[in-house]
Structures are given as structure tokens and as C-alpha cells.
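Report on the structure given below.
The structure presented is a predicted model; accordingly, all values stated were derived computationally and were not measured. Within every chain, numbering begins at 1; the chains are lettered A, B, ... in the order of the sequence lines, protein sequences first and strands thereafter. All values below come from the heavy atoms of this structure, side chains included, with hydrogens, waters and symmetry mates left out.
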Amino acid sequence: MEGLLLDVDYVEDEEHPSMRIYLKAGGEKVVAVDRNFRQYFYVLAEDPGRAAGVISKVEVSERGRTVRPAAVEVVKRTRLGREVNAVKIVLQHPKHQALLRHAVRELPGVKEFYEFDIPPARRYLIETGLVPLAGVRVEGMERECEGIKTIFLDKSPEPREWSGDDLRIMSFDIEVHNPSGTPRPDRDPVIMISMVDTEGLRKVLTWKVPEMKPDYVEVVEDEREMFRRFVETVRERDIDVLLGYNTDLFDFPYMKERAKRLKTKLALGRDGSEVYMRKRRFATATRIRGRVHVDVYAMVNFLATIGAIRLIHYTLEDVYKHVLGKEKPDFEVGEIARAWDTGGEKLERLLEYSLSDARATLELGLELLPVFYELSRLVGQTLFDVSRMTPGQLVEWLLIREAFRLKELVPPRPLEEEYGERMEDTYAGGYVMEPKKGLHENLVAFDFRSLYPSIIVSHNVDPSMFNCNCCAPDETTAVPDLGYHFCKRRRGFIPLILERLINARAEIKKELKRHRPGTAEYRSLDARQMALKIISNSFYGMLGYARARWYFKECAESVTSWGRHYIHQTITSATREGFEVVYADTDGLYCKLNGRSRRDAFKFLEKMNRRLPGIMELELEGFYPRGVFITKKRYALIDESGRLIVKGLEFVRRDWAAIAKRTQEAVLDAILRDGSPQKAAEIVRKMAKDLFEGRVRFEDLIIYTQLKMPIESYRSIGPHVAAAKKLRAKGYAVEPGMVVAYVEAKGPGSISDRATPVEDFKEMEYDANYYVEHQVLPAVMRIMEVLGYSEDDLKFTTDKQTKLVRFLK
DNA sequence: CCGATT
DNA sequence: AACGGCTAATCGG
């Protein structure tokens, strides 16, 4: 049988540890069980032949049973590109791994262990060459088990071509009764479960009868019945991919706990099994056997860490608006309990809101999933795993698969001690030029296309190529200023793989030009090139990441050193050609044309590119009529179509009140678009007046700051910490990672003393003086100052005698 | 006022 | 749980 590979999981069973492959062929769902899989690891020893002999006789007794290797053999592998004879130890059962490894460690002549830290399901995908969300062929005995067709494999599954199979995707969302602060599963019931799927389902399950019942609402007896109907619906609709927003950390753990208390089960598995959690220190994820649970928030979070999306808040509402450009209904969390308790129109709005959340999650998921499908295929790990991986993990799993193909041994993850040592070892990063402060006109921006990836490929930056003995340092091999060099006779593993990714992306981009945007082909190709870009850009970070298997500080350090070299070289050359460089950061620079034409800029570009090695390339990013440069990392530009581009200013930060950010934006607009500092000054005066006279919206005064540590760990009590303490005193759960929202209240004491959580700030008065002096003025003065204006020039009087002010509700 | 903390 | 560079506010001695 052939089908689309949905998921793979490993089931530990005393007698039969089995690998289970979930596939879908047309409408048919199948699980293929492979009991022939054998986990293994490698040992490097002084005398591999002798070591193999000794190891094959190793016996360890555990709980009255004797554990011994299934097989031991000497095999040829490479380690950092050099041939080695490794002892391969095949296990009878994956759970014997640690036991045998510890026994083998005691043997004389045993040096290092490899590949003992590859989980079975991931190892299986690599070993079989199967690719998730691609085709698979399975062969064996067929039987019906737990209502799902099961094939017991009698030979290894094989990868196959497979063209499309529409997945059935459902999103869901729950609402929870929260009468006092953070809801607690031991007390507060789930009151609604909403579901939307790709086949047209729109449903809200609830257990209270609303006065007006919309057609999408299904009222059931109680919470327990609601859970049962949810499970039933997922099974009836035969869902392949189940989506939610923050379901890993909230919905599933909450539902699981409620289900336990209601003495029922969330049996969402295709084989009727209950959902189960993989709990780790930093992550917990819920798995559903035979279906793929994807937390859309995990994908969003990933895109935020790589900078593909940058928002102030990552709530469903905000992300939905940013990604899809549409608004969705909102509902104040604090009002949920009241809506439930009082019913009426408010309850109807809550039902509507709940459905809109599920629908928005589905739409957002459908928008983001294609890139993660491609990442999953590219990395060769399941969508479940890949959608939760960090950039470093993606590169690592891609490299592990490639290492297997090249018979290169995979380095182990560092132990805590090694990690600590690596952390001590810091190195210099990119060069940032002190900007020529002030307003500049007629600018051109140049930047290097994928600077760090192109350095790795062009200079063969790789751990095994570092300071080779076969090449002497020369113009292309020597790292600027560091006294290192990289081999140019052989090709490093990392540059080899990275170059393939970059070339594949170039091909796809060529192919893209032959398709119309919006077509299915275009979208799929675009997702592929995006996945390739994401992975390529993560290689450098991984080299410098202390927990990475392929960590190599000298490599990361060499990449940034070459980076500084190339940006310096570009600055020097541009200056020599008559361009005035006003600012540069890491891989790009802004120059004043100073009378030079656009053609001159392009000619300069060509000249630069003639001397750059390998695949390195400088690009002309664009022309800008005006730009204001304030400090390093802080500047704003207006492009030729009148769009404002703001970098590093308060404008794009959440730890500033919206009022400051909005005033700053208006000031920049007046300066860059209208060229009028006078207009800017007027805007500031008006805003100060509005603040003193209470003509501002409450939301615009809120400052958001994330708690990074447990509240007790803070040595310095800043405003957000002080506000969090007040929240906790009121019974809210205060945990690292939460974003504290506070407003500065008027009164005695320090800024921290007066930082008041939004929840408490009901009939209080805000500190207008603080917002003028510490928010609006600093934000705008940074800009006005570089233009030669002082605070006095704004001629603005902070009338501290102004009678007490209140905000407009 | 100034270094430390965030 | 991908890197380093950088600015700025506020605390607290």
C-alpha cells in the first residue's frame, strides 16, 4: 500500500517496541507497525577490533533479566571528515541504551560515544529515508485493530513520490469560566469548545442555553458531555491536522486536567487512544496518535524569533490582523465569567467570539502551514516535531540526516559542564558604525545578500576545515585579524550542505518567475524557497550556539570577522567613489548620493561584485529621499513610495506607552514626509496639552514589560516587577514569560511604587507629568535633538499646576 | 551621582 | 533552548 506519510511515533512495549507509521491514501487511514527496527549507537576505541570483541560479550543484568547487545560490528565512518573505524552497537530494545552504554564506558580502550542521543522515531525516519508529508510504501500483513486498518510490516517501508492529498484540518478553541483571576482547572469548568474545519464545519459546543441560539451552537447536557461530543466530532470528521492557538501550554493541559476530574478521557487518537503529553523542562506538547496536533502559536513564535514577523503582542487578534490584514471580534477576558453567569446578549457575543477564535486560528494556520510542511520535508522530521523546533534544532536535524548519508558521525549534544565552558567563550559580532547624526537626503542603501551564509560557503567555514595542515593561509583562506585559516583543497560538510540549500533556493526562485502569484504552484514553490531561506540563515547562529552539536566557536567567530572585513571594505570603497556613508550595520550601509547619479550607484555595485569571492554578492537595496539617523541601531527613513521605515525607536517597542510611540511616529512623519520640524514641534505641544487635560485614551497609557524570571529572583525592583507583585497579591498567577501591563498612577513614591497593574487601575488618576516627561518627551527629543532643536525650542510649558486630570473612557 | 540591573 | 551589538530607563547604595 502507498500513501502520504502523516506521522511517525514510537511505542515502548516490553516485548515489542514498535515504530508506527501513520499514512493516508485517499480517504483511507492506515497505521503500519514496524517491529524490526533496531536502535544503535557507536563507540570509538583505541583498538576497534578488540573492543568489538569485548563489547559483544557484555552482559548486564537488570531486574533479573540479562541485557546484551543484539549485534556488535566494526564499521567505517568519518569523524570531522577523517576515516575512523567505529564499533556499532545494535540494541535489542531502545531502552537498553543507557544501561549498555554505561557498561561499555567502563571497558579499557573505549574513548568516545556517538549517536546515543537520537530518539527512536527520529532515528527511524533517517534510517529508512522516509520523508514526512511525502509518499511511503508499506508491505505486510493486514489486520483491523482498534477500528483502524493496521499493517504489520514484513519489510522496510520505502519512500515514494506522492502528489498531494488534501488534509482535513480542524481548529478548536476553548473558553473557560474565570470568576476570579487566572482560571484553575480544579475549580473552573470549560464552558465552550468551538470547532471550524476545512470541510465547512462551524460549531460551538456549550452547556448553557442562550436566549437566542445561533445555528452554529450545539447545547449539550454538561461539561463532560461537551468533551465527549468534541472527541466524537474530531473522529467523525476524520481530522488529520488539529490546530489551536497556544494549545500546548493552555487548552490541552487544561482540558486534560478537567477530563481527569470529570472521569472521562480525551480519546482523540485515531486508534481511540487518549491524548498524551511530552513534558520537558522548557516545552510541553500534546500528541494525538494518528493525527497531527499543531499549535499555531508555536509557528508564530518561531517566525517571531527569526524576525519574519515582528509585533508588540502575539495574541491571536494581533497576529491574525498582521498576517491576514483582517480584524476579528474581541472579548475582554475579564468579562467571560460574567457573560456566562448573566447570560443574555453578552453570552451570545461570547459564543460568537469563541467561534471567531477557532475560525481565525484555522485561517492563520492555513496561511502558515505550507512553510512548515516544506520545513518538515526538508529537515525530514515530522510536522509535529518541526512545528515546535527552534531554528538551531532544524539545522541540527537536517545535518543529522545528511551526516547519516555521508557516514559522518554525529557529535553529541554537550553536557552541562561543557555548555558552561562554551558560554564563557564569547566572540565579537558585526560591526556597527556610529551614524552621522541628523537628517540626510537622497540616500542609497546597499546590503549583502545573505552575508553570513555566503561567507560560510565562499570561505569553506567548517569545523573539519579549520586550520588544516594542507593549505597555507592566503588571501582567500586566512580569516581577517584572527590568524585562522580554512582549507581550500577539500569541501567542508557544513558549507557543502549549505551550498546545496542556497542553490536549490536559487532554482526555485527562477521557477517562481514562470508562475502567476496566487496559483497553487506559486504558493507551494514560495513556501519551499522560504523554508530553504529559513534554514540557510540559521547555520551561522547554530555554529555559535553553546548547546549545538556542531558548535564551533572559531567558525562562528571567523564568519563575523569576515563580515566586518567586507562591510569595512564596502564603506572604504563607497567613500572613495564619492558616496558619503552615513551609517552601516553588519551587512548593509546607507550612503548619501552627494550629487552622484543612480547609475553611478549601480556602477559601484558592479565594481564591488567583481572583486567579491564565491557566491558573495552586494545588492542595491533601494533609494530613500530622506532619512534621520539618531544613534547606532536607531534611525528612520522614508522610501520612494512614501512609506515610513523605522528601526530601533520606541515606535516598535512594547515597553513604551502607545502615546509616546504615536507621538514619535507623527513627529517622524512631519520631518521625513513634510520636512517640517515646526509641524513636529506643534504635534508635541498638543500632545502634552492633551495629556495634562486628560484627553487621552486609557489604552494609550499602558506600558507592557515581560517578566523574564520568577518574581523572587529580581534583585532590582523595576516598575514591571513592582506591578507584578501587586498582581500576585490579588490572586493572579505570576510566572516568567508573562507580559505585565501597567499604568503610572499619580501620587507619592518612586515610579515602581506607582506602577499599577491595568486590572487595578479603575478609578485612579494617571500621572500626566510622568507621561510627558518620561515617555513623550524623551521619545521625540531624541529625534528633535539631532535636528538641532532643544526642549526649549518646543516652547512648551509643563504647567504642573494644572488641575487634576482624568483620562477619557 | 554612578554602577548595576533590566 | 540560534548569534552579538547596542541604547536607555530605573533602581539602589
Side-chain angles (χ1 to χ4, degrees), chain A residues 280-284 298 301-308 388-399 413-414 416 419 422-423 425-435 437 451-453 455-456 534-553 555-561 563-564 567 583-587 630-635 647-653 655-657 660 703 705-709 711 713-724 736-737 740 744 749-755 770 773-775 777-779 781-782:
Chain A
R280 297 234 189 105
R281 192 135 54 101
F282 285 97
T284 148
N301 197 40
F302 176 89
L303 295 172
T305 41
I306 62 167
R388 292 170 174 82
M389 281 183 186
T390 63
Q393 288 171 310
L394 288 179
V395 178
E396 212 157 84
W397 286 100
L398 175 101
L399 288 179
R413 284 197 309 260
E416 271 315 293
Y419 169 71
R422 288 176 176 187
M423 286 299 279
D425 225 353
T426 59
Y427 64 93
Y431 166 71
V432 187
M433 179 184 138
E434 189 62 47
K437 296 183 171 65
L451 179 68
Y452 288 176
I455 287 173
I456 294 172
I534 288 170
I535 301 257
S536 303
N537 285 343
S538 305
F539 271 62
Y540 154 73
M542 187 219 52
L543 285 171
Y545 176 43
R547 288 198 197 274
R549 293 170 189 267
W550 275 274
Y551 167 87
F552 206 94
K553 181 218 154 196
C555 285
E557 191 184 19
S558 298
V559 172
T560 58
S561 180
R564 292 192 299 274
I567 195 75
Y583 183 55
D585 183 352
T586 312
D587 61 351
I630 297 152
T631 59
K632 287 179 176 183
K633 306 274 185 193
R634 293 180 163 225
Y635 58 96
K647 300 282 181 184
L649 287 157
E650 282 69 16
F651 198 66
V652 284
R653 305 180 61 106
D655 52 355
W656 283 79
I703 298 166
T705 313
Q706 190 180 34
L707 274 188
K708 298 279 191 186
M709 310 184 269
I711 196 100
S713 307
Y714 282 88
R715 289 203 272 165
S716 173
I717 309 304
H720 72 297
V721 182
V740 184
E744 277 301 324
S750 68
I751 287 167
S752 289
D753 293 338
R754 292 182 285 115
Y770 171 83
E773 298 282 345
H774 293 260
Q775 293 280 325
L777 273 184
M781 281 319 294
R782 275 191 265 288

Spacing between [X] atom [atom1] and [N] atom [atom2], to the nearest angstrom:
X	N	atom1	atom2	result
His720(A)	dC11(C)	NE2	P	12 Å
Leu777(A)	dA9(C)	CG	P	12 Å
Asp425(A)	dG4(C)	CG	P	11 Å
Trp656(A)	dT10(C)	CH2	C1'	11 Å
Ile535(A)	dC3(C)	CD1	P	17 Å
Ile456(A)	dA2(C)	CD1	P	17 Å
Gln775(A)	dA8(C)	CD	P	14 Å
Met781(A)	dA8(C)	CE	P	13 Å

Which residue lies toward the 5' end of DNA chain C, Ala428(A) or Asp753(A), if each is placed at its nearest nucleotide?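 So the residue in question is Ala428(A).
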First encountered from the 5' end of DNA chain C, between Asp585(A) and Glu434(A):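 Its nearest nucleotide lies further toward 5', so the answer is Asp585(A).
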Student check: side-chain heavy atoms of [X] and [Y] closer than 4.5 Å:
X	Y	answer
Tyr583(A)	Val432(A)	yes
Pro778(A)	Trp656(A)	yes
Arg413(A)	Tyr419(A)	no

Ignoring the backbone of [X], work out which of [options] is nearest its side chain.
X	options	value
Lys633(A)	dC3(C), dT6(B), dC6(C)	dC6(C)
Arg634(A)	dT5(B), dC3(C), dT7(C)	dT7(C)
Tyr714(A)	dT6(B), dC6(C), dA9(C)	dT6(B)
Ile717(A)	dC3(C), dA9(C), dG12(C)	dG12(C)
Tyr427(A)	dA2(C), dA8(C), dG4(C)	dG4(C)
Ile751(A)	dA2(C), dG4(C), dT10(C)	dT10(C)

So what does [X] hit on the nucleic acid, given a heavy-atom distance under 4.0 Å: a base, only sugar-phosphate, or nothing?
X	result
Leu543(A)	nothing
Thr305(A)	base
Met433(A)	nothing
Tyr452(A)	nothing
Gly429(A)	sugar-phosphate
Ser750(A)	sugar-phosphate
Phe302(A)	nothing
Lys632(A)	sugar-phosphate
Asn537(A)	base

State, to 0.1 Å, how close Trp550(A) and Met542(A) come at their nearest heavy-atom pair, and which atoms those are.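 Minimum heavy-atom contact is CB-CE, 3.9 Å.
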Taking only N and O in the side chain of [X], is any of them less than 4.0 Å away from OP1 or OP2 of [N]?
X	N	answer
Ser716(A)	dT6(B)	no
Ser538(A)	dA2(C)	no
Arg715(A)	dT10(C)	no
His774(A)	dT10(C)	yes

Is a side-chain donor or acceptor of Thr560(A) paired with a backbone partner of Ala428(A) at a separation under 3.5 angstrom?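 Yes: the side chain of Thr560(A) pairs with the backbone of Ala428(A).
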Look only at the side chain of Arg422(A) and the backbone of Ala548(A), and say whether a donor-acceptor pair between them is shorter than 3.5 Å.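 Checked: pair present.
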P-based separation of dT6(B) from dC6(C) [nearest Å]: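 Approximately 22 Å lies between the P atom of dC6(C) and that of dT6(B).
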Electrostatic pair Lys632(A)-Asp585(A), nearest N-O below 4.0 angstrom: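 Salt bridge absent between Lys632(A) and Asp585(A).
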